[in-house]
Amino acid sequence: MPTDLQQVDPEIAELISLEARRQSDTLALIPSENHASAAVMAATGSLLTNKYSEGYPGRRYYEGQQLIDRVEQLAIDRAKAVFGVEHANVQPYSGSPANLAIYFAFLKPGDTIMGMALPMGGHLTHGAEVSITGSFFRGVHYGVQKETGRVDFDQVRELALRERPRVIICGGTAIPRQIDFATFREIADEADALLVADIAHIAGLVAGGAHPSPAPYADVISTTTHKTLRGPRGAMIMSREQHAAALDKAVFPGLQGGPHNHTTAAIAVTLKEAATEDFKRYAQQIIANAWALAETLLEAGFDLVSGGTDNHLILIDLSNKDVTGKVVSQALDRAGIVTNFNTVPFDKRRPFNPSGLRIGTPAITTRGMKEAEMRQVGRWINDGVEAAKKGDEATLARIRDDVRELGQSFPVPGAAAQSRIASGV
Ligand SMILES: *Cc1c(COP(=O)(O)O)cnc(C)c1O
């Protein structure tokens, strides 16, 4: 019996089916990616997408909110419980608008934001020049120490006291080490700045108790919901009660219109999952796996930024391998290992063809892989890099077959059903 999607749009149905197969046959090592559960995807695919709900629970601009209010309130209550915060806004469409809303709540155009520099591991929305956040506001940036690959707190303090930013933001997209929220708090106090912790990458580790929480230190916490937290594409802003009204107003009506209620429902499901013992074990295993993978790479002579990892992410500096991140990431993609090229701190190459390769363990850990598989993945990466240097397509094809075979023992949540739905069997 063909499904509606197959009937209405066989082209898209086919592409979804093939994407389900691609995800199953390859290894997603991009550290910002994950595999959401079938329950999360069921909520995302629900008819809650039909409803307009501008406003907040109990204070809406449209009628018919009897059930949507309960959905959003559940998401809010669960966010507060999981992250130990006084206030949560679950409406931001994604991490980038969440950060923009935070700036809109506290800054005037031209005010100063201080964040980690993009090439050092920060995010575009932390005041990078090409971003609206660096164009409407003044971005100043700190980095890491060359020798240690860790945040240079002398520089952070010096910059904060000199530039007097209204907001200091910590967190980023290519940080392989724990974030020292307490020291950022001290410096924010010295500089009389607000401290925003952007935990987009590590929210799942924080929720699972595998990374220290920013809640005791940060004025505001920003996070996506689709990275280590393993939910739908979306975001949350959390804070002390003191900032609740300003943040809510900045999200709506400041930046956004109607919330994506299907996403809100899926965030509620995600947070229910994140509160379980199973999820705690998952968060610990992400880190254990990253360790096992890092060790294998170090043994194979790879240079890792900061010498290793404390979290889900590994940043490989390929300079000593005489090959660029782009060449390697494209070769590994042909071998079924999906990564992304990335700048490394103090990179001598350009961002579109940099020296680094960024990998992470959240998605493959969701599939149930453990340390033994990580060591295998590390060996494949090593073989893949050597093959990339020689243009040895036969080796890449052999790895691709082996990866596909491994993938069969570690199913992607929901993939079998989606490939069936899409192909209409
Ligand atoms: C991913 C990310 C964002 C942006 O999230 P999007 O959902 O891609 O807009 C913001 N900050 C950090 C640190 C991130 O890693």
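Both ligands and their constituent atoms are indexed starting at 1 by order of listing. What you see is a predicted model, and the numbers here were worked out from it, not measured in a lab.
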Aromatic plane relationship, Y62 with Y52 - under 30° parallel, 30 to 60° tilted, over 60° perpendicular
parallel

Relative to the ring of Y93, is the ring of H260 parallel (under 30°), tilted (30 to 60°) or perpendicular (over 60°)?
parallel

N/O to N/O below 3.5 Å, does that happen between T173 and ligand 1?
no

Can you list the ligand 1 atoms lying under 4.0 Å from a non-hydrogen atom of G95?
4 (C), 5 (O), 6 (P), 7 (O), 9 (O)

Establish, for the pair R349 and F341, whether the NZ or CZ atom is under 6.0 angstrom from the six-membered ring centre and no further than 45 degrees off its axis.
no

Quick one: does K227 get within less than 4.0 Å of ligand 1, heavy atoms only?
yes

Taking only Lys NZ, Arg NE, NH1 and NH2, and the carboxylate oxygens of Asp or Glu, determine whether K280 and E277 approach each other closer than 4.0 Å.
yes

What residue and heavy atom of the protein are closest to atom 7 (O) of ligand 1, and at what distance?
S94 OG, 2.4 Å

Which ligand 1 atoms, with their elements, are less than 4.0 angstrom from a heavy-atom of N99?
10 (C), 11 (N)

Pairs of nitrogen or oxygen atoms closer than 3.5 Å, one from S96 and one from ligand 1: do any exist?
yes

For F181 and C170, work out which heavy atoms get closest and say how close.
CD2-SG, 3.8 Å

Student check: side-chain heavy atoms of V144 and F346 closer than 4.5 Å
yes

Look only at interatomic distance and state if T224 has a nitrogen or oxygen under 3.5 Å from any nitrogen or oxygen of ligand 1.
no

Polar-atom distance check: P97 versus ligand 1, any N or O pair below 3.5 Å?
no

Are any side-chain N or O atoms of N89 and backbone N or O atoms of I76, one a donor and one an acceptor, separated by less than 3.5 Å?
no

Quick one: which ligand 1 atoms are inside 4.0 Å of a heavy atom on D198?
10 (C), 11 (N), 12 (C), 13 (C)

Looking at M116, H201, H123, the heavy atom closest to atom 3 (C) of ligand 1 belongs to H123

Please verify whether a non-hydrogen atom of G172 lies at under 4.0 Å from ligand 1.
yes

Where ligand 1 meets H226 - atom numbers and elements under 4.0 angstrom, heavy-atom basis
7 (O)

Counting only N and O atoms by type, is there a donor-acceptor contact under 3.5 Å from the side chain of H141 to the main-chain atoms of H126?
yes

